[in-house]
Participant: 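The following block contains the structure, expressed as C-alpha cells.
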Amino acid sequence: MPKDNTGFFDKVYDLARQIPYGRVTSYGAIARALGAAGSARMVGWAMNGASNYDDVPAHRVLNRNGVLTGKHHFPGTDLMQKLLEEEGIVVKEDQVQDFKDLFWDPVTELGFED
DNA sequence: GGTCTGACCGTGT
DNA sequence: CACACGGCCAGAC
C-alpha cells in the first residue's frame, strides 16, 4: 500500500475539491477549517502537490487579499487567471474582483466550526 | 536527525 | 502606511 497520504495534505485536497464552481477561497480559510489555523503556509505547500490531482482546483485558492499569489506555480504565465475567468470570475492585476462576494468559506459553508 | 524553506496570516513598531 | 518578525506543520537536503 502506498503509505497513506500525509493526512493534512489529504484534508486540504479533499476540501479543495469541495470548492463550488465559480467560487474561490483562501489558504488561511482552508487551514482554519481543518483546525490548523495559522498553518496556512502548509496549505500553500500542499497545493504544490495538488498538481498531481486533476480534481483539485488549486486555482480557486488565493490568499486573503484575493490575489493570485500562486499563479507562478501554474504552467504557462496566466493559466491560473485564465481558469478563473473561464468560471466567470473577473481577474485584474492578478487580483480577483468582488473577492468578498465570491469568497467561499469552508468553515461557514460546510459547518466545520465546532 | 537537525536545519532550511514554503502558493500565508496576524501583529507590532 | 511600509516593513519586520513570529508562528504554524510538513517535506527536502
Side-chain angles (χ1 to χ4, degrees):
Chain A
M1 60 189 295
K3 191 173 181 177
D4 65 8
N5 322 344
T6 53
F8 196 90
F9 275 46
D10 189 44
K11 289 180 183 176
V12 174
Y13 301 143
D14 187 51
L15 190 60
R17 293 192 192 97
Q18 299 179 64
I19 302 174
Y21 179 94
R23 289 297 188 84
V24 293
T25 189
S26 68
Y27 303 97
I30 293 175
R32 189 156 47 86
L34 297 178
S39 55
R41 301 172 64 176
M42 246 319 303
V43 178
W45 187 242
M47 285 280 120
N48 194 10
S51 303
N52 299 322
Y53 301 80
D54 298 344
D55 45 350
V56 179
H59 62 275
R60 292 183 191 152
V61 184
L62 317 169
N63 70 355
R64 75 179 190 84
N65 287 314
V67 178
L68 285 59
T69 53
K71 62 171 289 184
H72 292 288
H73 293 267
F74 280 77
T77 53
D78 292 313
L79 178 61
M80 188 175 185
Q81 179 175 331
K82 186 177 179 181
L83 291 171
L84 291 171
E85 292 180 330
E86 283 184 23
E87 298 190 2
I89 298 174
V90 180
V91 180
K92 185 178 182 180
E93 298 289 305
D94 295 344
Q95 189 171 313
V96 173
Q97 304 302 292
D98 300 314
F99 177 63
K100 61 174 171 56
D101 190 52
L102 296 171
F103 184 64
W104 182 80
D105 188 352
V107 178
T108 302
E109 304 297 329
L110 300 178
F112 263 80
E113 59 183 343
D114 294 317

Participant: Just the rounded figure in Å: distance from P of B:dA7 to CH2 of A:W45.
Facilitator: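 These atoms are roughly 7 Å apart.
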
Participant: Figure out the CD1/P separation between A:I30 and B:dA7, and round it to whole Å.
Facilitator: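 For the pair A:I30 CD1 and B:dA7 P, the rounded distance is 16 Å.
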
Participant: Rounded to the nearest angstrom, tell me the gap between atom CG in A:D10 and atom P in C:dA10.
Facilitator: 13 Å

Participant: For A:R41 and B:dT5, what is the distance between atoms CZ and P respectively, to the nearest whole Å?
Facilitator: 11 Å

Participant: Output the single nucleotide from C:dA10, B:dA7, B:dC9 whose closest atom is nearest the side chain of A:A40.
Facilitator: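 Side chain of A:A40 sits closest to B:dC9.
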
Participant: Short question: side chain of A:S26, backbone of A:A29 - any donor-acceptor pair under 3.5 Å?
Facilitator: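 Here the side-chain-to-backbone pair exists.
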
Participant: With sugar-phosphate meaning primed atoms plus P, OP1 and OP2, does A:R64 contact a base, only sugar-phosphate, or nothing at under 4.0 Å between heavy atoms?
Facilitator: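 If one applies the 4.0 Å heavy-atom cut-off, A:R64 turns out to touch the sugar-phosphate alone, with no base involved.
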
Participant: Atom CZ of A:F8 to atom P of C:dC8: distance rounded to whole Å?
Facilitator: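 Distance check: A:F8 CZ to C:dC8 P gives 13 Å.
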
Participant: Could you let me know what B:dA7 is paired to, Watson-Crick or G-U wobble, both distances under 3.5 Å, or none if it's on its own?
Facilitator: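 Paired with B:dA7, as far as the under-3.5 Å criterion goes, is no nucleotide at all.
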
Participant: Nearest to the side chain of A:M47, heavy atoms from C-beta on, is which of C:dC9, B:dA7, B:dC9?
Facilitator: B:dA7

Participant: Quick one: does any side-chain atom of A:Q95 pair with a main-chain N or O of A:V91 as donor and acceptor, under 3.5 Å?
Facilitator: no

Participant: Looking only at side-chain atoms of A:S39, point me to the closest of C:dG7, C:dC9, B:dA7.
Facilitator: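 For the A:S39 side chain, the nearest candidate turns out to be C:dC9.
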
Participant: Could you tell me whether the side chain of A:D10 and the main chain of A:Y13 form a donor-acceptor pair under 3.5 Å?
Facilitator: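 Such a contact is absent between A:D10 side chain and A:Y13 backbone.
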
Participant: Side-chain contact test, heavy atoms from C-beta onward, threshold under 4.5 Å: evaluate it for A:V67 versus A:F99 and give yes or no.
Facilitator: no

Participant: Identify whether the distance between the nearest side-chain nitrogen and carboxylate oxygen of A:E87 and A:R60 falls below 4.0 Å.
Facilitator: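 Yes, A:E87 and A:R60 are salt-bridged.
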
Participant: Within this structure, what is the NE2-to-P distance between A:H73 and B:dG6, rounded to whole angstrom?
Facilitator: 9 Å

Participant: Rounded to whole angstroms, how far apart are CG on A:L34 and P on B:dC8?
Facilitator: 17 Å

Participant: Select one nucleotide: of C:dC8, B:dC9, B:dA7, the one nearest the side-chain heavy atoms of A:N48.
Facilitator: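 Of all the options, the side chain of A:N48 is nearest to B:dA7.
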
Participant: Please state how far atom OH in A:Y27 lies from atom P in B:dG10, giving the value in whole angstrom units.
Facilitator: 15 Å

